[in-house]
Number of protein chains: 2
Amino acid sequence: MDRIVGYKLRRAQLSVFQDFLRTFAGMNLRPAEFSVLALIAAHPGRKQTEIAEQLGIKRANFVALMDDLERRGLAERRKGATDRRSHSLHLTEEGIRFVDMMAAVWREHEERMIARLGGEEERDRLIELLDRLTGTPDESTD
Amino acid sequence: MDRIVGYKLRRAQLSVFQDFLRTFAGMNLRPAEFSVLALIAAHPGRKQTEIAEQLGIKRANFVALMDDLERRGLAERRKGATDRRSHSLHLTEEGIRFVDMMAAVWREHEERMIARLGGEEERDRLIELLDRLTGTPDESTD
DNA sequence: TATTGTTATACTCTATAACTATA
DNA sequence: TATAGTTATAGAGTATAACAATA
């Protein structure tokens, strides 16, 4: 199994996620929740289904995730003004503070991953290769 | 989410696994089953728990997986001669033929991934970086 | 006592169909 | 009719505890 891309990819992803989970164990934050909060922070007011799709989460599965973030007082849904079917997503005041802390904690984790790779240049090389695998169409803003 | 290693890794892994699943849909073979058959083929006679551990599968979860490979007539358990608690794992005659086919089909998939990456050199660069993330101690033989 | 394989079980993630309220 | 969000549900994948057979 020494040169099999998919296998190596899976093992590396599990290893990185395990470090992520250890890092955020105290904040009770999973990767999916992290990515949702980061995306709402970057694009407040975006529609619920847009956020879900951008993260590759089915809108049906996004509901419980968002319920939990609301229950914890970190994010909120607001009825769309023009289209009353839709919900626009926002961080609460507490959510904004939480995301600041989260970003600081995340940096520890990410620095550790960059160190494992051997530096930021190696990180950039890795991400470029991963983008080729994913077939990223263009550079997005997120 | 443009430079986050864990996120990019997850997306790339999903993309590669989806191609894998499409490629093997006709053979009804999942990545875990593929890896088990490949590992038994490379190391026939190895103990059940050893195979499971090497693939990062809990021995409790390995049972159903192995049951299915046996039911399909591809692999078999044999009682250990010295330690009668253990099972040594082997391919059947049909399993050996199946693995040959499987390897050929896999090559199609892998060539597609290498093409996405831009060639075998890029593939090698990727795997080297992934090994750094995983913290692979030495080169293994699998 | 400890280990191998097993069973039972629970929790997360993911996928689909069907409902509701709006458009 | 179609869409946004929701509910219910089912299937994988994964984790732990406890058991029987054997060491």
Side-chain angles (χ1 to χ4, degrees), chain A residues 6-7 9-11 13-18 20-22 24-25 28-36 39-40 43 45-71 75-90, chain B residues 6-7 9-11 13-18 20-22 24-25 28-36 40 45-71 75-90:
Chain A
Y7 180 73
L9 215 36
R10 172 171 164 266
R11 300 305 292 243
Q13 194 242 309
L14 286 174
S15 176
V16 171
F17 266 43
Q18 269 162 21
F20 184 99
L21 289 172
R22 271 195 304 276
F24 281 102
N28 193 29
L29 196 69
R30 304 137 182 289
E33 294 163 341
F34 173 90
S35 63
V36 170
L39 204 49
I40 298 176
H43 304 283
R46 212 172 253 193
K47 283 197 327 181
Q48 184 163 320
T49 299
E50 287 171 357
I51 299 276
E53 263 178 21
Q54 190 158 356
L55 295 174
I57 301 171
K58 290 270 180 291
R59 72 193 199 284
N61 296 325
F62 193 83
V63 174
L65 216 168
M66 195 59 207
D67 284 348
D68 194 59
L69 294 177
E70 258 189 329
R71 191 187 49 70
E76 60 183 15
R77 298 158 159 114
R78 295 187 198 149
K79 278 268 184 231
T82 61
D83 184 342
R84 302 227 345 265
R85 289 172 304 184
S86 70
H87 289 161
S88 70
L89 303 187
H90 304 264
Chain B
Y7 179 73
L9 216 37
R10 172 172 163 266
R11 300 306 291 243
Q13 195 242 308
L14 286 174
S15 177
V16 171
F17 265 44
Q18 268 161 22
F20 184 100
L21 289 171
R22 272 196 303 276
F24 281 102
N28 192 32
L29 197 69
R30 303 141 181 290
E33 294 161 342
F34 173 91
S35 63
V36 170
I40 297 176
R46 212 172 253 193
K47 284 198 326 182
Q48 184 164 319
T49 299
E50 286 171 358
I51 298 277
E53 262 176 22
Q54 189 159 357
L55 295 173
I57 302 171
K58 290 272 180 292
R59 73 193 199 282
N61 296 324
F62 194 83
V63 174
L65 216 168
M66 195 58 206
D67 283 349
D68 194 59
L69 294 178
E70 258 189 330
R71 192 188 48 71
E76 60 183 15
R77 298 157 159 113
R78 294 187 198 150
K79 277 270 185 232
T82 61
D83 184 342
R84 301 220 355 257
R85 289 173 304 183
S86 69
H87 289 163
S88 70
L89 303 188
H90 304 264

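In the text below, chain A, chain B and the rest are named by the order of the sequence lines, each starting its count at 1.
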Q | Ring geometry between A/Phe24 and A/Phe34 (parallel below 30°, tilted from 30 to 60°, perpendicular above 60°) | A | tilted
Q: Ignoring backbone atoms, test whether B/Arg77 places a side-chain nitrogen or oxygen under 4.0 Å from the OP1 or OP2 oxygen of C/dT6.
A: yes
Q. With respect to the phosphate group of D/dT3, does any side-chain polar atom (N or O) of A/Arg84 fall under 4.0 Å of OP1 or OP2?
A. no
Q: Figure out the CG/C1' separation between B/Asn28 and D/dA12, and round it to whole Å.
A: 13 Å
**Q.** Worked verdict on A/Asp68 versus A/Arg30 for salt bridge (charged side-chain N to carboxylate O under 4.0 Å, His left out)
**A.** CA-CA 12 Å; A/Asp68 194 59; A/Arg30 304 137 182 289; over 6 Å; no
Q. To the nearest angstrom, how far is A/Arg46 atom CZ from D/dA4 atom P?
A. 15 Å
Q: Using the closest heavy atom to pick a nucleotide of DNA chain D for each, name whichever of B/Ala60 or A/Asn61 lands nearer the 5' end.
A: A/Asn61
Q) Whole Å only: how far is the CG atom of B/Leu55 from the P atom of D/dG13? A) 13 Å
Q | Along DNA chain D (nearest heavy atom to each residue), the more 5'-positioned of A/Gln18 and A/Ser88 | A | A/Ser88
Q | B/Arg85 side chain, from C-beta outward: closest of D/dG5, D/dA23, C/dT6 | A | D/dA23
Q: Starting from C1' on C/dC13, measure out to CG on A/Leu21 and report it in whole angstrom.
A: 13 Å
Q | Comparing B/Val63 and A/Asp83 on DNA chain C - which has the more 5′ nearest nucleotide | A | B/Val63
Q) In whole angstroms, how far is the P atom of C/dT20 from the NE2 atom of A/His87? A) 16 Å
Q | Candidates D/dA2, C/dT7, D/dA23 - which lies nearest the side chain of B/Asp67 | A | C/dT7
Q) Side chains of A/Arg59 and A/Gln48: is there a donor and an acceptor less than 3.5 Å apart? A) no
Q | Nucleotide C/dT12, atom P - distance to CZ of A/Phe17 in whole Å | A | 16 Å
Q | Closest non-hydrogen atom pair between B/Gly45 and B/Ser88, with its separation | A | O-CB, 3.2 Å
Q. Under 4.0 Å between a side-chain N/O of A/Arg10 and OP1 or OP2 of D/dT14, yes or no?
A. yes
Q) Roughly how many Å is it from CZ in A/Arg30 to P in C/dC11, rounded to a whole number? A) 12 Å
Q) To the nearest angstrom, how far is A/Lys58 atom NZ from D/dG11 atom P? A) 18 Å
(Q) Please tell me if B/Arg59 has a side-chain N or O lying less than 4.0 Å from either OP1 or OP2 of C/dT6. (A) no
Q: Check whether any side-chain N or O of A/Arg46 sits under 3.5 Å from a backbone N or O of A/His90 as a donor-acceptor pair, and report yes or no.
A: no
